[in-house]
Peer 1: 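The structure that follows is given in the form of structure tokens.
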2 protein chains.
Amino acid sequence: MATDSREYILETAFVLFMQRSFKAVTMNDIVKSSGMSKGAFYHYFKSKEEVFQEVVNTYFMKLTDIDYAKCSHESLKSFYSDLVSNLQNQTGFLQQLRKAKESGEAFNYFQLLFDAMYLSPVLKTRILEMQTKEMKAWTEIIGIAKKKGEIKTDLADKDIAKLFIYVNDGAGMNNILRNRVGGAIRDMMALYGSLYELLKV
Amino acid sequence: MATDSREYILETAFVLFMQRSFKAVTMNDIVKSSGMSKGAFYHYFKSKEEVFQEVVNTYFMKLTDIDYAKCSHESLKSFYSDLVSNLQNQTGFLQQLRKAKESGEAFNYFQLLFDAMYLSPVLKTRILEMQTKEMKAWTEIIGIAKKKGEIKTDLADKDIAKLFIYVNDGAGMNNILRNRVGGAIRDMMALYGSLYELLKV
DNA sequence: ACTTTAAAACCGACCATTCGGTATTTATAC
DNA sequence: GTATAAATACCGAATGGTCGGTTTTAAAGT
């Protein structure tokens, strides 16, 4: 019972922090949404900040800390296909969250990202590091794709990498603004595909 | 004195709402930052919501509601050059705001965007309309560029438009996360240029 | 196996502080 | 003197958190 209660509160908090800013989500929101009492909440977590920190360390990092080593290094196309596949898994994960189903509000990953960076400089550093890792992974696969003759362009590897990364972020933003989840995967695949079309031999 | 005071409070509020979420910015933050009293604030604005609404209707819209008709329709390259030029003007505008100079905190346009959309469904509709307008403008210029033989690709106009738009948004996000303002213009130009390189004849 | 004791889980009223806003007074401009 | 602008003390509600109490579960004792 204990593990379930703590986990349930955490999941509830995660969903709320994905929908509204940290400050906009009140303790009463969390308590009411979880169906438990404030006393029960404080049995498991020391404070609002602590549950937020935990949400970031668990759920948020699950969405953010992508293991690029697991993506194919055979080709650029398979690399981004694996990334889209990963995105699909994440979407599935979010959709099966119990609390998500009850709520009509959109998930806003970037809202949680801003809050995390604002509330903790350590987290900010960590997030920036992950972005650096992302850039490195893309630059690498693009170099490989060039060497293999998969793609052909005079553009620098890093500049191409930027295109792929920023297109992904921009599309992610667009999906949030339009409260779209399902069609997002197909769109992401199409966007990467468009860029790929411009690059391939 | 009256117009200056009201405008000064509004500008102060704008800066604060660009740095933190609506709820995280308290009335006392606004009052202290403006150097005026609460009573003075309430002389001009009915409530916190009203000043936020005004901030969105003025400053935010100035940054968001871009008149694409003013951008060159001679070529894709001049179109996006005009957009970058516009971005430069906006950056300059933000940098000359009095309150901005005092504060070390990063401006986060997207935070204000999220708050605006969350707090007002009317604004949300309006913002989505502006995005549609943006898409239309890009699609149009890309069609023109194709007709003129400036660019050559089998990709649909709208798909190319998406690439340009999302790259811009993603890069904007990246600049916010890295608290970068100055270099952002050059980067944006380079990103558009990279895409253009992939497309031009 | 049952009973007693201890610990954990949970509750909800209450607390101190903060919040957005109000009422009244004072200051300034004309 | 009047109208506008501004200040300050105060208000009631909301906020994150505390605390004494109750219920449930686990462990120890017989």
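Chain identifiers are assigned alphabetically (A, B, ...) following the order of the sequence lines, protein sequences preceding nucleic acid strands; residue numbering begins at 1 within each chain.
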Peer 1: Using the side-chain heavy atoms of B:Thr26, tell me which of these nucleotides is nearest: C:dG21, D:dG16, C:dC19.
Peer 2: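 My answer, after comparing the listed nucleotides, is C:dC19.
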
Peer 1: To the nearest Å, how far apart are B:Ile9 CD1 and D:dA5 C1'?
Peer 2: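 In whole Å, D:dA5 C1' and B:Ile9 CD1 are 10 Å from each other.
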
Peer 1: Of the options B:Phe45, B:Tyr59, B:Phe22, which is the one that meets B:Phe52 in a ring-ring contact (aromatic ring centres under 6.0 Å, His included)?
Peer 2: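 For B:Phe52, the ring-ring contact (aromatic ring centres under 6.0 Å, His included) test succeeds with only one of B:Phe45, B:Tyr59, B:Phe22, which is B:Phe22.
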
Peer 1: What is the separation between atom NZ on A:Lys23 and atom C1' on C:dG20, rounded to the nearest whole Å?
Peer 2: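 Result: 13 Å.
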
Peer 1: Between B:Ser75 and B:Ser78, is there a side-chain donor-acceptor contact under 3.5 Å, judged purely by atom types and distance?
Peer 2: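 Side-chain D/A pair, B:Ser78 to B:Ser75: present.
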
Peer 1: Can you name the nearest heavy-atom pair linking B:Phe79 to B:Ser72, along with the distance?
Peer 2: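 Closest approach of B:Phe79 to B:Ser72: CD1-O, 3.4 Å.
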
Peer 1: So what does B:Glu49 touch, heavy atoms closer than 4.0 Å: a base, only the sugar-phosphate, or nothing?
Peer 2: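 Since only primed, P, OP1 and OP2 atoms lie under 4.0 Å of B:Glu49, the category is sugar-phosphate.
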
Peer 1: Quick one: are A:Lys152 and A:Leu199 in side-chain contact, heavy atoms under 4.5 Å?
Peer 2: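 When only atoms from C-beta onward are counted, A:Leu199 and A:Lys152 do not touch, as no gap falls below 4.5 Å.
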
Peer 1: Write down the distance between CE (A:Met27) and C1' (C:dT18), rounded to a whole number of angstrom.
Peer 2: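 Nearest whole value for this atom pair: 16 Å.
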
Peer 1: Regarding A:Val25, tell me which of base, sugar-phosphate or nothing describes its non-hydrogen contacts under 4.0 Å with the strands shown.
Peer 2: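 Sugar-phosphate contact only - A:Val25 comes under 4.0 Å of backbone atoms but never of a base.
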
Peer 1: Checking contacts here: which listed nucleotide (C:dC11, D:dG17, D:dA7) is nearest the side-chain heavy atoms of A:Ser37?
Peer 2: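 Of C:dC11, D:dG17, D:dA7, C:dC11 is nearest to the side chain of A:Ser37.
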
Peer 1: Rounded to the nearest angstrom, tell me the gap between atom NZ in A:Lys46 and atom P in D:dG17.
Peer 2: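 A:Lys46 atom NZ is separated from D:dG17 atom P by 11 Å.
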
Peer 1: Choose from D:dA7, D:dT8, D:dG16 the nucleotide whose nearest atom is closest to any side-chain atom of A:Tyr42.
Peer 2: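 Looking only at side-chain atoms, A:Tyr42 lies closest to D:dG16.
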
Peer 1: Separation of B:Phe41 atom CZ from C:dG20 atom P, in whole Å?
Peer 2: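 After rounding, the gap between these two atoms is 10 Å.
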
Peer 1: Between D:dA6, C:dC10, D:dT18, spot the one nearest the side chain of B:Ser5, thanks.
Peer 2: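 The closest nucleotide is D:dA6.
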
Peer 1: Side chain of A:Met36 only, heavy atoms from C-beta on: which candidate in D:dG16, D:dA6, C:dC10 is closest?
Peer 2: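 The answer is C:dC10.
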
Peer 1: Between C:dG20, D:dG16, D:dT4, which nucleotide gets closest to the side-chain atoms of B:His43?
Peer 2: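 Closest nucleotide among those given: D:dT4.
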
Peer 1: Whole Å only: how far is the OH atom of A:Tyr44 from the P atom of C:dC11?
Peer 2: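 In whole Å, C:dC11 P and A:Tyr44 OH are 10 Å from each other.
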
Peer 1: Rounding to an integer number of Å, can you tell me how far A:Phe45 CZ sits from C:dA9 C1'?
Peer 2: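 That distance rounds to 14 Å.
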
Peer 1: Just the rounded figure in Å: distance from C1' of D:dA7 to CD1 of B:Ile30.
Peer 2: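 Going from CD1 in B:Ile30 over to C1' in D:dA7 covers 18 Å.
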
Peer 1: Please check if the side chain of B:Lys62 supplies one atom and the backbone of B:Asn57 the other of a donor-acceptor pair under 3.5 Å.
Peer 2: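 No; judged by distance alone, with no hydrogens or angles, the pair does not exist.
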
Peer 1: Does B:Lys38 make a side-chain donor-acceptor contact with the base of C:dG20, cut-off 3.5 Å?
Peer 2: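 Side chain to base: pair found, below 3.5 Å.
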
